[in-house]
Amino acid sequence: MTGAAIIDDLRARGLIHDTTDEVALRARLDEGPITLYHGIDPSASSLHLGNLIGILVLRRFQDHGHRPVALVGGSTGMVGDPGGRSEERNLLDADALAHNVAGIQAQVERLLNVGGDNSVELVNNFDWTKGVTVLEFLRDVGKHATVNQMVAKDSVRSRMDSEHGISFTEFSYQLLQAFDYWWLHTHLNCDMQIGGSDQWGNITAGIDLIRRRESAHVHGLSWPLITKADGTKFGKSTDGALWLDRDQTLPYEFHQYFLRTDDRDVERFLLQLTLLPVDEVAAIMAAHNETPEQRVAQSALADAVTELIHGSDEVRKATLAARALFGGGVLDADGLEALRGVVAETSVHAALASGEEAVVDLLVATGVCSSKGDARRTIQQGGIRVNGDRIESTADGFAFVGERFALVQRGKKQRHLAVVGG
RNA sequence: GGGUCGGUGCCCGAGUGGCCAAAGGGAACGGGCUGUAAACCCGUCGGCUUCGCCUACGAAGGUUCGAAUCCUUCUCGGCCCA
């Protein structure tokens, strides 16, 4: 199955922000499988939620029979994309980058299909940029670009207007990315680049380069950046970014994040962040709108995304954990044991329970509160529960269930398990 | 190089000798309402051995009974001149 149907699907999902000549693109897709690439910045050792949409668009193309190339920017990561940030970025050293690239590639392989006619191909642009000399680059790439055009890009202009300015290094980024596209076009027959709308300028830079050097017309497509109705940044929680790596963000937290999705966002997220068919999403939304308080759509979203990333087993565990934590049932040692690995935990000493202000100490020891003052305040505000019981005063004590576990809750959302001895 | 204005708590931003742990706003956190939503309301928001003490207003010195506030030097940034 190939063809331009993918474009209709993406449009139905609100995943098309910009495309190059759509008529030409559709015609090309109807001819047969296209090779397309998406670049990922290796600024960390794991992908985070913000990367998910791009990986999934790549996957959607793959599911339609096209050939995905996932580029992890080992060399562009050394330079830094000026887009979307107001200041120069810190450059990573080579070792850190190699580590990040490896981590990200492993995750990409799990989200895209490996093997078969249109297996995902993983590439690292460091492989073809490391040997290029400055003179070669200036002659083969730089000669085909005008500074006038480069300066006109939004990402560059906004930085030139800012007080911090922009370094030549980051200014050059778009040429490096253009070079990538050219290289993939000439070596892997790649005729399409996709990316977030913030990448549009870089994508067109590559298209221009290929047209000038090869007289070839290649394609580009971008999706809109994900926004949230409340104005907060998508994919960030209290503790920072939500990572796809289970060691950095527990599957339970991941699942919970989506379960709390705002009604105004949930349909869009279902369309853009899951592989559920469009008509199925419509059915889910219909059911949701019947009884919004049931949060059918949020559950479907959380389950679908978590399954994609962590597998159905983790979905089941997260659901069970949520039921135990929010259901208000009895918390016995077995129940708490089941929460291990699901909620964050800290190992503590048994003696912690016998202090003057045992609960205050517990809150600080687990990191749930940042200081004793913070702990006391939160207790006074009625924000702390231990093993399900609200702590009324700092003088209250607590006991470890089964002499092993204490479940600390701060507010409605934060959970932390203290384990004696660990 | 000269001149000038400025560097305040997570961010923005008041404060020009005691009433300043420092107004106000934002973010964040807790409570209420609710659907583990939105909106809205209330509260908290440097630390501690918490009726008091310690640390803090770019850094280091100094004046003073007393300094975020005055002086000196340094440092960083904006603007103007060269």
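Only this structure's heavy atoms are used, side chains among them; waters, hydrogens and symmetry mates stay out. Chain letters run A, B, ... following the sequence lines, proteins first and then strands; every chain starts at 1.
- Pairing of rG61(B), defined by two Watson-Crick or G-U wobble distances under 3.5 Å, is identified with rC71(B).
- You'll find that the side chain of D262(A) is closest to rA38(B), out of rU36(B), rA38(B), rC29(B).
- Rounded to whole Å, atom P of rG30(B) lies 17 Å from atom CD of E392(A).
- Taking atom C1' in both rC76(B) and rG31(B), one finds a spacing of 43 Å when rounded to whole Å.
- No hydrogens or angles considered: nothing links the side chains of Q193(A) and Q199(A) as a donor-acceptor pair under 3.5 Å.
- Taking atom CD1 of residue I384(A) and atom P of nucleotide rU44(B), one finds them 17 Å apart after rounding to whole Å.
- Nucleotide rG47(B) holds its P atom 14 Å from the CG atom of L363(A), rounded to whole Å.
- Taking atom C1' in both rA68(B) and rA14(B), the straight-line distance is 12 Å, to the nearest Å.
- Base pairing analysis places rU16(B) opposite nothing; no Watson-Crick or G-U wobble pair with both distances below 3.5 Å involves it.
- W223(A) has its ring centre no less than 6.0 Å from the ring centre of H17(A).
- Contact annotation: the side chain of V420(A) never approaches that of E403(A) to less than 4.5 Å [non-hydrogen atoms, C-beta and beyond].
- Nucleotide rC48(B) holds its P atom 17 Å from the CD atom of E356(A), rounded to whole Å.
- Taking CZ of F398(A) as the reference point, atom CD1 of I384(A) lies at 12.0 Å (rounded to 0.5 Å).
- Relative orientation of the F234(A) and F258(A) rings is tilted, given thresholds of 30° and 60° on the angle between their planes.
- The closest donor-acceptor contact from the side chain of R13(A) to the backbone of Q272(A) lies at 3.5 Å or more, if one exists at all.
- Shown for residues 367-375 of chain A: residues whose heavy atoms fall under 4.0 angstrom of RNA chain B, namely S371(A), K372(A), G373(A).
- Here the OG1-CG distance, from T204(A) to L209(A), works out to 11.5 Å after rounding to the nearest 0.5 Å.
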Enumerate the protein-to-nucleotides 51-55 of chain B contacts in which both atoms are nitrogen or oxygen and the separation is below 3.5 Å.
none

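- The gap from the P atom of rC57(B) to that of rG35(B) amounts to 49 Å, rounded to the nearest Å.
- Comparing the C1' positions of rU73(B) and rC79(B) gives an interatomic distance of 24 Å, to the nearest angstrom.
- Taking side-chain N and O atoms only, R376(A) has a distance below 4.0 Å to OP1 or OP2 of rU49(B).
- Taking the C1' atoms as reference points, rU8(B) lies 14 Å from rA67(B), given to the whole Å.
- Side chain of T19(A) to backbone of L221(A): no donor-acceptor contact under 3.5 angstrom is found.
- A donor-acceptor pair under 3.5 Å is absent between the side-chain atoms of H349(A) and the main chain of A351(A), judged by distance alone.
- Candidate nucleotides rU36(B), rG31(B), rG30(B) were compared by shortest atom distance to the side chain of Q381(A), and rG30(B) ranks first.
- Comparing rC42(B) with rC33(B), their C1' atoms are spaced 11 Å from each other, to the whole Å.
- For the pair I391(A) CD1 and rG30(B) P, the computed distance is 16 Å after rounding to whole Å.
- Nucleotides of RNA chain B nearest to D263(A) and R377(A) differ in position, and the one nearer the 5' end is that of D263(A).
- Between the P atoms of rC11(B) and rA28(B), the separation comes to 15 Å (whole Å).
- Atoms CD1 (I379(A)) and P (rU50(B)) sit 14 Å apart, rounded to a whole Å.
- H219(A) and D21(A) form no side-chain donor-acceptor contact under 3.5 Å, judged by distance and modelled atom types alone.
- Note: NZ (K413(A)) to P (rU34(B)) measures 16 Å, nearest angstrom.
- Rounded to whole Å, the distance from CD on Q380(A) to P on rG31(B) is 14 Å.
- For rG35(B), there is no paired nucleotide, since no Watson-Crick or G-U wobble pair has both relevant distances below 3.5 Å.
- Of the residues in residues 283-296 of chain A, those with a non-hydrogen atom less than 4.0 angstrom from any atom of RNA chain B are P292(A), E293(A), R295(A).
- Comparing rG15(B) with rC81(B), their C1' atoms are spaced 32 Å from each other, to the whole Å.
- Taking CD1 from I53(A) and CG from L225(A), the interatomic distance works out to 8.0 Å, rounded to the nearest 0.5 Å.
- Q256(A) contributes a side-chain N or O that forms a donor-acceptor pair with the base of rU36(B) under 3.5 Å.
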